[in-house]
Amino acid sequence: MIEIAQIDAFAERPFAGNPAAVCLLERERDAGWMQSVAAEMALSETAFLRPREDGSYGLRWFTPAVEVDLCGHATLASAHWLWEAGRLAPDGEAVFHTRSGRLAARRAGEWIEMDFPADPPRPAEVPPGVAEALGADPVAAARSRLYLLLEVAGERELSRLAPDFHGLRRALEGGVVVTCAGAGGGRDFLSR
């Protein structure tokens with residue numbers, strides 16, 4: 001039998017937050033099998049945990065279509081599940097070995113703190129076709145390993161974005177985050 005659970009990350013109540021499936025594997029499975037499970041779960045990500053002899057876990061993430069290098073909410077869901085299922089001591093650290101390196105999570109009262117690798121963005125040019133696909137002219141651009149970060153002039157421009165997602169896929173690889181400075185109200189920035 002294979003244990004699998006759906007966990008709502010970033011939620012204070014059931015049926016809220018960002019859902020992820022967490023699947024515990026007692027033996028190695030091939031990527032095709034994991035991809036099929038993720039497609040069957042039909043969530044943005046399914047996490048696959050495999051215990052290691054040292055008490056840590058191998059961790060891989062799959063969307064319904066592809067394997068991804070890093071997923072925050074599915075890592076949070078995995079750590080939560082390990083504690084809830086009694087597979088980790090309440091004060092134990094969840095250590096994961098992933099394609100993005102070593103990740104860790106620990107309890108801090110009612111919260112879970114996660115330690116992820118730093119990937120500071122570097123200044124970049126806006127790739128051809130991206131501004132057209134977004135329907136906005138970015139005022140600044142930066143690139144990390146996984147994402148293109150674009151800044152638009154303000155909240156009005158950000159809220160009016162109507163991206164052509166097919167055009168974005170043609171124009172760039174990886175994800176895109178669009179942000180702007182907050183205009184007050186206790187918000188430092190907004191992003192989509």
Side-chain angles (χ1 to χ4, degrees), residues 2-12 14 16-122 124 142-149 172-179 188-189 191-192:
I2 295 173
E3 293 182 64
I4 191 162
Q6 182 172 323
I7 308 291
D8 294 325
F10 307 120
E12 294 179 2
N18 198 349
V22 178
C23 181
L24 180 67
L25 303 175
E26 294 298 335
R27 65 178 177 85
E28 191 65 40
R29 296 289 185 146
D30 68 59
W33 182 88
M34 288 186 273
Q35 187 66 71
S36 294
V37 171
E40 180 77 16
M41 295 308 299
L43 296 169
S44 62
E45 269 85 16
T46 298
F48 293 89
L49 292 169
R50 184 154 181 266
R52 294 168 50 128
E53 289 183 15
D54 64 0
S56 66
Y57 288 82
L59 175 59
R60 294 172 75 176
W61 308 275
F62 286 79
T63 73
V66 297
E67 183 172 9
V68 295
D69 290 336
L70 186 63
C71 180
H73 81 282
T75 304
L76 180 66
S78 296
H80 171 79
W81 184 86
L82 289 170
W83 283 306
E84 290 297 311
R87 292 195 170 257
L88 284 177
D91 62 345
E93 181 178 54
V95 176
F96 305 109
H97 299 276
T98 75
R99 290 184 357 178
S100 292
R102 181 188 182 276
L103 308 178
R106 66 198 62 76
R107 284 181 160 171
E110 295 292 315
W111 296 90
I112 296 174
E113 294 177 346
M114 296 191 300
D115 183 11
F116 275 40
D119 185 17
R122 299 159 305 286
R143 170 146 304 277
S144 69
R145 186 171 60 91
L146 300 174
Y147 295 98
L148 177 65
L149 177 65
L172 61 96
E173 288 186 30
V176 62
V177 176
V178 184
T179 189
D188 294 326
F189 69 93
S191 63
R192 291 179 62 184

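Keep in mind that what you see is a predicted model, and the values were worked out from it rather than measured.
Residues Glu84 and Ile7 fail the side-chain proximity criterion, which asks for heavy atoms closer than 4.5 Å. Looking at His97 and Asp54, their side chains come closer than 4.5 Å, going by heavy atoms from C-beta outward. With contacts defined as side-chain heavy-atom distances shorter than 4.5 Å, the pair Leu103/Met114 does not qualify. Two residues are said to be in side-chain contact when any heavy atoms from C-beta on lie closer than 4.5 Å; Trp83 and Arg107 meet this criterion. Side-chain contact between Leu24 and Tyr57: present, with at least one pair of heavy atoms (C-beta onward) separated by less than 4.5 Å.
In this structure, the side chain of Gln35 engages the main chain of Thr63 through a donor-acceptor pair within 3.5 Å. Judged by distance alone, with hydrogens and angles left aside, the side-chain atoms of Glu3 form no donor-acceptor pair with the main-chain N or O of Cys23 at under 3.5 Å. In this structure a side-chain-to-backbone donor-acceptor pair under 3.5 Å is present from Asp119 to Arg145.
The environment of CD in Glu67 is crowded: more than 12 heavy-atom neighbours from other residues, nucleotides or ligands sit within 6.0 Å. Applying the 6.0 Å contact sphere to CZ of Phe116 captures more than 12 heavy atoms from other residues, nucleotides or ligands. Other residues, nucleotides and ligands contribute more than 12 heavy atoms inside 6.0 Å of the CZ atom of Phe10.
Taking CH2 of Trp81 as the start and CG of Leu49 as the end, the distance is 7.0 Å to the nearest 0.5 Å. Between the NE2 atom in His73 and the CG atom in Asp8 there is a gap of 9.5 Å [rounded to 0.5 Å]. Taken from CD1 in Ile2 to CH2 in Trp33, the straight-line distance is 3.5 Å, to the nearest 0.5 Å. Residue Ser36 holds its OG atom at 11.5 Å from CZ of Arg29, rounded to the nearest 0.5 Å.
With 3.5 Å as the limit, one finds no donor-acceptor pair spanning the side chains of Thr98 and Trp61.
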